[in-house]
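So you know, we letter chains A, B, ... as the sequences are listed, proteins then strands, and number each from 1. What you see is a predicted model, and the numbers here were worked out from it, not measured in a lab.
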Amino acid sequence: MLLRKLHFSKIVIHLIFIALSLACIVPLLLVVSISFTGEQSLMLNGYHFWPQEFSTAAYKYVFSGASSILNAYGVTIFVTVVGTLLHLLITSMLSYSLTRPEVTHRKALTFFVYLPVLFNGGLVPQYILLTRILHLKDTIWVLIIVYLVSTVNVLIMKNFFRTIPDSLIESARIDGSGEIRTFFKIALPLSKPSLATIGLFVAIAYWNDWMTASLYIESPKLRPLQYLLQSLMNNIGYLQANAQASQSMESALGMLPSEGARMATCVLAIGPIILLYPLLQKYFEKGLTIGAVKE
Amino acid sequence: MKKFLVLLLSVTMLSALLAGCGQKKDAGSTNDPAADPAKEEMTELNFYMMNSPVNDFDRVMKKANEIIGKEINAKLNLILVDSSTYAEKMNLMINSGDDWDLSFTANWGGINFFENAAKGAYADLTDLIPKYAPQTYARIPEGLWEGVKVDGKIYALVNYQQWGTAKREGFKFRSDLVEETGFDWKSLKGKPTIEVLEKMGPFLGDSLAKHKDMIGFETSSLESSSLYAGNPLLWNMEAVGDTSIPGWINLDQPDKVINQFETEEFAKYTEIMRDWFEKGYVRKDGATVKDTSPDRKAAKFVAEKTGSWPDSIDHPGNSDASNMSMTKSAGNAPAVTVSTTRTMIPAGAASTAAIAINSESKHIEKALQLVELLNTNDELYKLISLGEEGVDYKYDENGKFTMIEGKYNFNFNEWQIGQSYSPNFNRANYDKNKDGEIQKETQKIVLEADKTAEISPVTGFVFDPTPVKTQVANCASVTSEIIPALSSGSIDPAKALPEFLKRLKTAGVDDIIKEKQAQYDAWKANK
C-alpha cells in the first residue's frame, strides 16, 4: 500500500515537472519556428511548430545592416565579458576581506554593503550621480559600473570564503605568501564553484540588462542587444496604446519589423548565453548549495 | 599578482576615460551667449525625441547639419530615445536638471506637457516666438496656440501637421465584402454609434459566414484602444482632462461632467460586444491581445474604426479612405469609409505634438531659430524625415513614392520634429502622380475644416488631478482591468457591468467627477 502510494506521488511529481519543462521549452521552439517561417505564410496560416514555408528571410533582414544588430552584439559581448570579470574580481576581493578577522571595522563595512538593500536613493539621485557627477552618460562603462557590486553576491561569496579553514590561510602566511598571493593562489582557486555560480548569474544579468541602456545610452553605436530587442517589442505596444494621438503613428506602426524578424532577433539574443549553462553545469550543482548550510 | 596588475591597469584606463568624457561635456556648454554673433562659436543643440533605431542616421544628420550650420550656425544633435522609455527618461532628465535644449512634448503617454510646463521645466516662449520663429507662429490657426498655454503663457511650439487637427470619426468596411453582401454602408453616415454597430452586426455575420478565416471587428487589450473608453467623439462626448480619467461631458450638455461608464451608451455598447463575442465576430482572446498589427497587415478585419476622412462618400479616391489600415502599400484590403460623427477640434489638439525648450538651456533663442528653420526649410525637413532622394527613397516609373529597403528611414516620426504642414504641400512624400494630387486635394479639405470646425468646449482647460490623486490611481487600476474585457465582450455585462460600476464607486469615482466639475466651473467662470 505504502509502496503504491509512493509510486503514485512520484508519477505526479514527474508529470508536474514534465509539464513545467514543456511550458518552458514549447514557447522557445515556437519562437525558433516562427523565425524560420516566411512572412506571408505567417499571416495566412498563423504559427506552427514546423515552418509551413521555410525561409531565412528574417535572418537575412536582421543581418543585412537594416538593423544595427551586429554592432549591438559586440557591445553586449564586451559588456558581459568585462563586466562579469570585473564583478567577480571586485566581489571576491570585497567578500574575502570581509571574512578576514585581521580587517578592522569589518562589521561596519559589512553593514555598509548591506545598507542599500534596506534603503536606496532611488532613480533620480542615481541619475544625477551617474550623469552630473561621474559623467558616465553615453559611455560604455555606465553599462558595466552600475552592476559591479551586488549585495547578495557578496553575502554568498562571504559565506563560501568562511568555509575555507583559517589554518590554511595561516600556513600560507607562515610559508611567506603575501595577502595578495594568498588570495589569488589559495582562496580563489578553492572557490571556483561559487565563482562559476555567481559568474553565471552576473553574466546573465549583464546580458539581459536593457534598463541601464535605455536611461543612459544615447548614441546608436553603444546600444546593447537586449535594448534593441526591447525597443522592437515595446515600441509596438506604446505606439498602439497612443495610436489615436497621431495619424502618422499608424504609418510608424506599419514600419516596424515583421513578426519573423522580431523572433529572429529574439533567437539571436538568447543564443550565446544559453550555451553558458552546459559549460558551467558541473560547477553549478555544487554552487547551488553555497550558503545553504551554515556551520 | 598579474591579475591585480590587470585590475590596476583597467582602473586607471577607466578613470582616464571618465576624465576625458567630463572635459568634453564641459567644453560643449561653456559657450558665451553674449558673444559677437559674427565670431560666435557654433552652438550645439541637443534635441530629444522618440524613435526606433534609424539606419544610416549619421550620414543624413551630417548632411542636415551642413544646412543648419550654414543657416543659423548651429549643430543639431538629434537624440533618439526608445518610445517606451521616452517619457520616463525625459521626466528623469527634467527632475535631475540634466542638460538638454529641445525635446518633443505632448499631453499623452506620460510625457506630461502641462505638468512640466506648470513646474517651470519648459521655457516661457510667449515673447520670443514672434521674434525668432515668426513663420512657425503665423502659419497655423491662431486658436491652437491657446492649447499650449499654461497660465496665459506659451510653453511649446505646436507641430501642426498636414492632416490638420479637426477630428471626425467613422468606420471602414472591406469594399469587396460590402459588394458581396449588399451592405448599405452609405446609410450609416452621421448616425449615432450604437445604431451603426447594430446595423453592422448582420453584415459581419454575413461576411464571416462566407470567409471563415476573417475577423469581424478589431478589439484590443489596451484600454485606450477601446471603441468606447478611448474614443469619446464617437459617442458624442469629450473628455474633461485626460481621456482615461473618468469624467467626460456630453457635447449636447457641455456643462455637466458625467461618469462616462454610467451612461446608457456604454451599457448598450458592452451588450453588443458581448453578442459579437458569442457569435464569434471578434477574437476570442481579444482581451489579452496587445498587438493587432499582424491581423491588420494580413487583411483579416471585415470592419474597423477609423479616423480617416474625408470619407469615401465626400471624396472618393482618397487612398487613406480606400484601404484598410496598414494595408495601403500591400493593397490587399480595399475599403470604403463612412464618417459618423461631427467635426470637432478636440481639446488636446495643440498639445498632441509639440516641441518644448528647456528653461535652463543656455541657447533658448538658438533653439527657437532651429525650430523655425526645421519648419520653413523644406529641403532640411525632407532630408531628416525621408533621407536623400535616389539613395534612401525614389519615385518609381508611375511616380509612386517608394522607400529603398535597408536604407535610412525615420520610421515616420517626422511629426515630432516640426510642422509637416506648409501652404504648398511640399514637405511630405506625396506621390508624383494622380494619387498624390488626390491626396493633396483631400488635405485641402481637411485644412479648410480646421478653420470652420467647432472647437471643443473644453479647449484650454487643464485638469489638476492632485486633490484626488488616490482616487485617480484607484479608478485607473479598476478601469485598466475591466475595460478591455468589457470592450472585447469576453465577460458578460449583465453581471460584470454593475460590479464594475460598484467598484468604481468604491474607488472614489464620484470624488473625481466632483473635483473635475468644480475645476471646470471655476475655469469657465474665469474665461
Q: Examine whether an atom of B:F410 lies under 4.5 Å from a heavy atom of chain A, and if so say whether it belongs to the side chain, the backbone or both; otherwise answer neither.
A: neither
Q | Distance in Å, A:Y227 OH paired with B:T85 OG1, rounded so as to fall on 0.5 Å steps | A | 4.5 Å
(Q) Quick check on B:E360: does its CD atom have over 12 non-hydrogen neighbours (other residues, nucleotides or ligands) under 6.0 Å away? (A) no
(Q) Nearest 0.5 Å, please: how far is CH2 in A:W210 from CG in B:D82? (A) 8.0 Å
Q | Contact leader toward chain B among A:V82, A:I144, A:L215, A:L85, where contacts are heavy-atom pairs under 4.5 Å | A | A:L215
Q: Tell me, for B:L92 versus chain A, whether the close heavy atoms (under 4.5 Å) come from the side chain, the backbone, both or neither.
A: both
**Q.** Distance-minimising heavy-atom pair for A:R223 and B:L80
**A.** NH2-O, 2.6 Å
Q) What part of B:E88 gets closer than 4.5 Å to chain A, counting heavy atoms only: side chain, backbone, both or neither? A) side chain
(Q) One pair to check against salt bridge (charged side-chain N to carboxylate O under 4.0 Å, His left out): B:D98 and A:K137. What are the steps and the verdict? (A) CA-CA 10 Å; B:D98 204 353; A:K137 193 175 168 185; 2.9 Å; yes
